[in-house]
Protein chains: 2
Amino acid sequence: MMKTSDKRSDVVQAALELIAEKGFHGAPMAEIAEKAGVGAGTIYRYFENKDILITELHKELEAKITAALLDGYPVEQPLRERFLYAMREVFRYFITYPLHFRYMEQYFNSPYGITLHRDRLLGKSGDPDILMDIFEQGADQQVLKALPTSVLFSIAFGSLTLLMRDHIIGFISLDNHLIDGITEACWDAIKK
Amino acid sequence: MMKTSDKRSDVVQAALELIAEKGFHGAPMAEIAEKAGVGAGTIYRYFENKDILITELHKELEAKITAALLDGYPVEQPLRERFLYAMREVFRYFITYPLHFRYMEQYFNSPYGITLHRDRLLGKSGDPDILMDIFEQGADQQVLKALPTSVLFSIAFGSLTLLMRDHIIGFISLDNHLIDGITEACWDAIKK
DNA sequence: CCTCAAGGAGTGAATATTCATTCCGGAAGG
DNA sequence: CCTTCCGGAATGAATATTCACTCCTTGAGG
């Protein structure tokens, strides 16, 4: 039987919207509950506390992003094409779901994200990262600059972050043409 | 007359350290006061409220950074050299004062910073920005890619941000050699 | 079919905590 | 004394979290 309303996902959606727009501290549980059309206590039936709600939401978003990235990924193409594809795809995903970007940004710039980032760099996270793979292969094949993998990553993704921000506040418009130019520029940065 | 202890700067220093390490919400006024060796009420003799303390601190840091960047800036050199100099100098400054980096990052990722950023992009801020000048000239002289100024900026500074982060958590070590490699990579990204 | 009791989802007022800010008594210095 | 500067307890607002209670649904028994 199809439930017409799933309170848990109502809560998740409300939390996503509020936190993405106003930050963790601009999103009191009471407001999340109200926006979800749910009693304040109901949230605690699904999430032990606010922290868990926050990290759970992060995990869900990350799974979606990974899925989107994997879908149509040109495994057989040369490195350059795979890199360009991945960058463009991430741009596209975040442009389609700006709330997801804002949320991930909030999460990343918070104690949660800091420790996650540290663990990830140290390889303590299970999931194989497409981008990291590209950079490592590039190092082996000597088509990329002789810089540490994580540096190559930062060069590509640091740009993406600031650009997405400017796009979301409406200062630039990331259309396909501009995205192509940007991803090519990033490729120039990392290629030998 | 030289005061041996200037409470105002004690407060500023304490706030800088606490906020840089734990964020705005991890730095209660009471704790700032304690760290500064000052009564909680004393802070309010110098700063009307927490918001003002925060923005004031931001202004002071920004002034220092601008000064450091301007000092020794090779005005007469070609664009490429000026760009490399500016990038390296910013890296060096933040490596010397990691707390300043962390603070600026916090500020930037907060309601304060968002509006500041918007104003700056719209040119509503008085100070002429060295980096922006470089990019604009580069566009005129056609030595840079035909991308909007703000995009060129994001490519360079987005990278810098993530890299500084990795440096501060100790995952990479930004020595002079690595910094040179990175700034060259950024130049490759933006040059035609 | 109808009744009704059990179980669990859902609620939101009450509670406990955490802060920013205020305020007043007192120290320091003139 | 008087003025300026401090300190830190007191205050009040904002919040996360709890919990006693109210439905609803379900299905066993008649």
Side-chain angles (χ1 to χ4, degrees), chain A residues 1-60 103 106-107 109-113 115, chain B residues 1-60 102-103 106-107 109-115:
Chain A
M1 195 259 264
M2 162 98 79
K3 288 187 209 147
T4 60
S5 102
D6 172 0
K7 306 251 175 197
R8 194 195 124 106
S9 50
D10 290 348
V11 168
V12 167
Q13 182 62 25
L16 169 62
E17 289 174 22
L18 273 175
I19 293 174
E21 279 167 22
K22 312 208 275 175
F24 294 124
H25 296 281
M29 294 298 258
E31 213 171 321
I32 293 175
E34 192 187 11
K35 184 156 202 157
V38 142
T42 304
I43 297 178
Y44 292 86
R45 299 199 59 72
Y46 298 102
F47 305 96
E48 206 175 319
N49 55 45
K50 195 176 182 179
D51 271 23
I52 288 181
L53 167 59
I54 287 170
T55 50
E56 205 60 33
L57 182 40
H58 163 81
K59 281 187 211 158
E60 292 188 14
Y103 187 92
Q106 301 275 359
Y107 189 85
N109 293 301
S110 77
Y112 312 108
T115 52
Chain B
M1 194 259 267
M2 164 96 80
K3 289 186 206 146
T4 60
S5 101
D6 173 0
K7 306 243 174 198
R8 194 195 125 105
S9 52
D10 290 349
V11 168
V12 167
Q13 183 61 25
L16 169 62
E17 289 174 22
L18 273 175
I19 293 174
E21 279 166 22
K22 314 207 275 176
F24 294 123
H25 296 282
M29 294 299 258
E31 213 171 321
I32 293 174
E34 192 187 14
K35 183 156 203 158
V38 141
T42 304
I43 297 179
Y44 291 85
R45 299 198 59 71
Y46 299 102
F47 304 96
E48 206 176 319
N49 56 47
K50 195 177 184 179
D51 271 22
I52 287 181
L53 167 61
I54 287 170
T55 50
E56 205 61 32
L57 183 40
H58 163 79
K59 280 186 212 159
E60 292 188 14
R102 295 270 280 260
Y103 186 91
Q106 300 277 359
Y107 190 85
N109 294 301
S110 76
Y112 311 108
I114 305 296
T115 51

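Just so we're on the same page: letters track the sequence lines, and every chain starts at 1. Small disclaimer: the values here were computed from a predicted structure and weren't measured.
Taking only side-chain nitrogens and oxygens, A:K7 comes nearer than 4.0 Å to OP1 or OP2 of C:dT11.
Distance from the side chain of B:A40 is smallest to D:dG8 among D:dG8, C:dT11, C:dA9. Checking D:dT17, D:dC6, C:dG10 against the side-chain heavy atoms of A:T42 singles out C:dG10 as nearest. Nearest to the side chain of B:K50, among C:dA20, D:dT15, D:dT17, sits C:dA20. Comparing C:dT11, C:dA20, D:dT15 against the side chain of A:R45 picks out C:dT11 as the nearest.
Per the geometry, CD belonging to A:E34 stands 18 Å off P belonging to C:dG10, to the nearest Å. The separation between B:D6 atom CG and D:dC5 atom C1' is 13 Å, rounded to whole Å. Taking atom CE of B:M29 as the reference point, atom P of D:dA9 lies 17 Å away to the nearest angstrom. In this structure, A:E31 atom CD and D:dT15 atom P are separated by 8 Å, rounded to whole Å. Rounded to whole angstrom, the span from the CG atom of A:L18 across to the P atom of D:dT15 amounts to 12 Å. At whole-Å resolution of the value, CD1 in B:I54 and P in C:dC19 are 14 Å apart. One atom, CG of A:D51, and another, P of D:dT15, lie 16 Å apart when rounded to the nearest Å. A straight line from CZ of B:R8 to C1' of D:dC6 spans 17 Å, rounded to a whole angstrom.
Here the shortest heavy-atom pairing between B:A14 and B:I32 reads CB-O, 3.6 Å. The two residues A:T55 and A:Y112 make their nearest non-hydrogen contact at CG2-CD2, 4.1 Å.
Heavy atoms of B:F24 sit nowhere under 4.0 angstrom from any nucleic acid atom. When heavy atoms are screened at a 4.0 angstrom cut-off, B:Y46 is found touching the sugar-phosphate backbone but no base atom.
Residue B:V38 is the one, among A:E48 and B:V38, whose nearest nucleotide of DNA chain D lies closer to the 5' end (criterion: closest heavy atom).
The shortest distance between side-chain heavy atoms of B:V12 and B:F47 falls below 4.5 Å.
Here A:R8 pairs with A:E60 in a salt bridge; the nearest charged N to carboxylate O distance falls below 4.0 Å. Taking the charged nitrogens against the carboxylate oxygens, B:R102 and B:E21 have no contact shorter than 4.0 Å, which rules out a salt bridge.
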